[in-house]
Amino acid sequence: MGTESTEAAIEALLDEQRTFPPPDEFASRAIVADDSVYRRAEEDPEGFWRGLADEFLDWLTEPTKGLEWDPPHCTWFADGELNVAANCLDRHVEAGRGDRVAYHWVGEPESESADLTYGEMLREVSRLANALRTLGVSKGDRVGIYMGMVPELPIAMLACARIGAPHVVVFGGFSSESLAERLRDSGARLLITQDEGWRKGGKVPLKVNADAAADAAPTVERLVVFRRTGDEVPWNDDRDVWWHDAVAGEPDECEPERMGAEDTLYLLHTSGTTAKPKGVQHTSAGYLLHAAVTHKWIFDIHDDTIWWCAADVGWVTGHSYIVYGPLCNGTTSVLYEGDPAYPDWDRHWEIVERYQVNSYYTAPTLIRSFVKMGEDYPARHDLSSLRLLGTVGEPINPEAWVWYWKVIGGERCPVVDTWWQTETGGILITPLPGLTTLKPGSATVPFPGIKPAILDEQGNPVPQGQGGFLTVKHPWPGMFRTLWEDDERYVSNYFSKYGPETYFTGDGAKQDSDGYYWLMGRIDDVINVAGHRLSTTEIESTLVEHEAVAEAAATGAADPERGQRIVCFVLLKGGYEPSDELAEELRQFVAAKIGKIARPAAVLFGDDLPKTRSGKIMRRLLKDIAEGHELGDTTTLRDAAVVDDLKQKADVALGRAG
Ligand code: PRX
C-alpha cells in the first residue's frame with residue numbers, strides 16, 4: 001500500500017526523535033490534567049459518554065438510553081430530546097452570560113469588524129428562524145446555505161437548528177454546478193445566500209452563482225439574500241427576498257423545536273471515490289456532544305479563552321469548531337472573513353494580537369505558506385497571548401510543526417495535530433495538551449473512548465511500525481449515521497471491507513513503538529489539496545464533459561506546500577490537437593465546473609493512458625509519473641511506450657526536464 005514516496009516520508013517521520021512533553025506552566029492549569037479519563041473511557045465507553053452528555057448538554061427530555069448498536073448502524077441517547085440552538089445560545093443567555101462576545105468578526109476590508117454577543121446572536125437567530133417559518137420552512141425541510149464568512153452564516157445555521165430544518169452548507173468557493181448538485185441531492189426547499197463575498201480584495205458573485213444553481217435545482221422555491229457588499233445583483237421578485245426584509249417585523253423570540261437526539265442536524269457533502277459527492281448525515285445530540293467535548297478538552301478552552309479556528313464554516317472543521325463546539329461551550333471566538341494574505345501575510349498575526357487570541361487552529365498547508373513567507377511577518381506582532389496551537393486536514397511535516405511551535409508558539413505552546421474526517425463529526429486521534437508528550441508529525445493517540453485499529457488487507461492487525469488501513473472498532477457519539485438517502489453506499493463504502501462492526505476510514509496509518517499514530521494519507525482515489533478532499537473520479541468526469549476530451553485520468557502528486565496537487569492526463573478526441581492553450585482551457589474548465597480548489601496544476605496530453613491488458617488504468621504509475629519518480633513495474637502494461645512518452649511530457653510541464 002502507499003507509494004514509495006509516502007513510505008519514505010513515513011520512514012523519515014518515524015526517525016523523528018524529538019519529543020515535547022507538556023510545558024509545566026500549561027499542564028498546571030490544563031482542562032484535562034488527569035490521565036484517568038483514558039482508563040474510565042476504556043473500561044466503559046458508553047458510561048463515559050453518558051456522563052459527558054449530562055455535563056455538557058441541556059436536555060428537554062433526559063435520555064435513558066446510551067449507545068444502541070445494530071452494526072453498522074448506531075444511535076446514541078435515542079430517547080432524549082433537546083434543541084441544538086438552545087444549547088448553543090439560550091442557556092448561556094439565561095445563565096447571565098448574554099453580554100459575552102460569541103464572535104469577534106473581522107471583515108476582509110481592513111476597516112470592518114464587529115462584536116456579536118450571545119444575547120445578540122440569540123435575537124438574530126430567533127428572528128431569522130421566525131422568518132424561515134413564515135417562508136414555509138418546517139421541521140425536517142432541508143435548507144441550503146451558500147455564503148461567505150460573515151456572522152450571518154452561523155446565524156443561518158442556528159436558525160435552521162432552532163426550527164429543526166437540517167442545513168446543507170455549501171462552501172462559498174464552490175461553483176454553481178457543485179452547489180446545484182448538493183441542493184438537488186438534499187432536496188433543499190430554500191437557499192440562503194448573500195449578494196457577494198469578499199476574497200483577496202475581490203468580490204465573489206455568490207448571488208449570481210446561487211441563481212444559476214437554483215435554476216438547476218427544482219426543489220428550491222425561495223432565496224433569502226443577505227446584503228454584504230451592497231452592489232447591485234440580479235433579482236427575481238417571485239423567488240428572492242432580502243434577509244433584512246424577511247426578518248423585519250419578526251419577533252426576536254422563537255420557540256425552539258423539540259428535537260429527538262437522533263434527528264438530523266445537518267448534511268454536509270464530501271468527496272468520495274465516485275463523481276457524486278456523499279451527503280454525510282449528522283445527528284443533533286451525539287454530534288453536538290462530541291464537538292463540544294473535543295473542543296474544550298483538546299483546545300484547552302477555559303471560560304476566558306479567546307479561540308480562533310481559522311477554517312471556513314463551509315467545511316466540517318468550521319461546522320464543529322467555529323459553530324457548534326465553541327457555541328455549545330459558550331466560548332468567545334474570532335471569525336475572519338477573508339484571505340490570510342490580504343492585504344499582506346501578517347493578517348492572522350495582526351488579528352491574534354488585536355483580540356489576544358489564546359488558542360489558534362489551522363491547516364498544515366497554511367503553516368507551510370507561513371514558513372515560506374518567512375519569520376518577519378509574525379515578528380511584526382505580539383503573539384504572547386497564544387497558549388496552544390492546532391492543526392488539521394493532512395499530515396504535517398515535522399519541519400513545519402517545529403517552525404509553528406517555535407516561531408508562532410514561542411516554544412511555550414503545545415501543538416495539537418488532530419486527525420478526523422467529515423464523517424467522524426469531531427476529532428478522533430489527538431493529543432490532550434496537558435497530558436500527551438508530542439512528537440512532530442504524529443497525531444499521537446486516540447481520544448478517550450475511541451478505539452482505532454490498523455489492519456492489513458485480510459483484516460488482521462498489522463505489526464507495530466508497519467503501514468495498514470486505519471479503522472475504528474466501536475461507535476462514538478459524533479459519528480455520521482448514514483449518507484443522505486443512500487444507506488447502501490454508507491454500508492458499501494465504509495463497512496464492506498471489514499464487516500459491519502469496523503468503520504473503514506480510507507486512510508493509511510502506522511503505529512510506532514509508543515503506540516503513537518502516524519497518518520499516511522488516503523489510500524483510495526481521493527486527493528487532498530490544501531486540506532480539502534477531492535475525488536479523482538469527479539475531476540475525470542468533469543474533464544470528459546469538455547468537447548475535446550475523449551478520456552481523462554486525474555492523480556494527486558505530492559506538493560511541498562499544498563500537500564498534493566492535481567495532475568491530469570488527457571486523451572483528445574480526433575480533430576483536436578494538444579496545445580498549451582487547450583491545457584489552460586481545460587484547467588479553467590474544471591475550476592469553473594467544480595470550484596477553484598479543483599483546478600489542476602497541470603494537464604498533460606498523451607496518445608494513450610497507461611492501462612493493463614484488461615483496460616484498467618494503472619493509477620500507481622500515473623502518480624509516479626506526476627511525481628517524477630522512477631517508474632515501478634511496467635510489465636503488466638498493454639503498451640509500455642505510453643508511460644515513457646507521458647513521463648517526458650510531465651517532466652517538461654512540471655519543470656523537471658533537463
Ligand atoms: O486523509 C485524512 C485527512 O483529511 C481527511 C478528511 O478530510 P475531510 O473529511 O475533508 O475533513 C478534513 C477536516 C477534518 C482524512 O481522511 N486528515 C485530516 N486530519 C488529518 C489528516 N491527515 C493527517 N493528519 C491529520 N491531522
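When a ligand or atom number is given, it counts from 1 through the structure's own listing order.
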Subject >> Tyr361 versus Thr317, side-chain donor and acceptor atoms under 3.5 Å >> reply: no

Original post:
By salt bridge (Lys or Arg N to Asp or Glu O under 4.0 Å), which residues pair with Glu262, not counting sequence neighbours?
Top reply: Arg481

Subject >> Cation over ring face, Arg182 and Phe174, 6.0 Å, 45° >> reply: yes

**OP:** Output all residues satisfying ring-ring contact (aromatic ring centres under 6.0 Å, His included) with His282, sequence neighbours left out; order by chain, then residue number.
**Re:** Tyr266, Tyr287

Original post:
So, do Tyr490 and His73 have ring centers that fall under 6.0 Å from each other?
Top reply: yes

Nitrogen or oxygen contacts under 3.5 Å, ligand 1 side and protein side:
| from | atom 1 | to | atom 2 | distance (Å) |
| --- | --- | --- | --- | --- |
| ligand 1 | 1 (O) | Asp507 | OD1 | 2.9 |
| ligand 1 | 1 (O) | Asp507 | OD2 | 3.0 |
| ligand 1 | 4 (O) | Gly393 | O | 3.2 |
| ligand 1 | 9 (O) | Thr422 | N | 2.8 |
| ligand 1 | 9 (O) | Thr422 | OG1 | 2.6 |
| ligand 1 | 9 (O) | Arg533 | NH1 | 2.7 |
| ligand 1 | 16 (O) | Gln421 | NE2 | 2.9 |
| ligand 1 | 16 (O) | Asp507 | OD1 | 2.9 |
| ligand 1 | 16 (O) | Asp507 | OD2 | 3.1 |
| ligand 1 | 16 (O) | Arg522 | NH1 | 2.9 |
| ligand 1 | 17 (N) | Gly393 | O | 3.3 |
| ligand 1 | 19 (N) | Gly393 | N | 3.1 |
| ligand 1 | 24 (N) | Glu394 | O | 3.4 |
| ligand 1 | 26 (N) | Asp417 | OD1 | 2.7 |
| ligand 1 | 26 (N) | Thr418 | O | 2.7 |

**OP:** With sequence neighbours excluded, give me every side-chain hydrogen bond (donor to acceptor under 3.5 Å, both in side chains) pair touching residues 494-504.
**Re:** Lys278-Tyr494, Gln421-Tyr503, Glu423-Tyr494, Glu457-Lys497, Lys473-Thr502

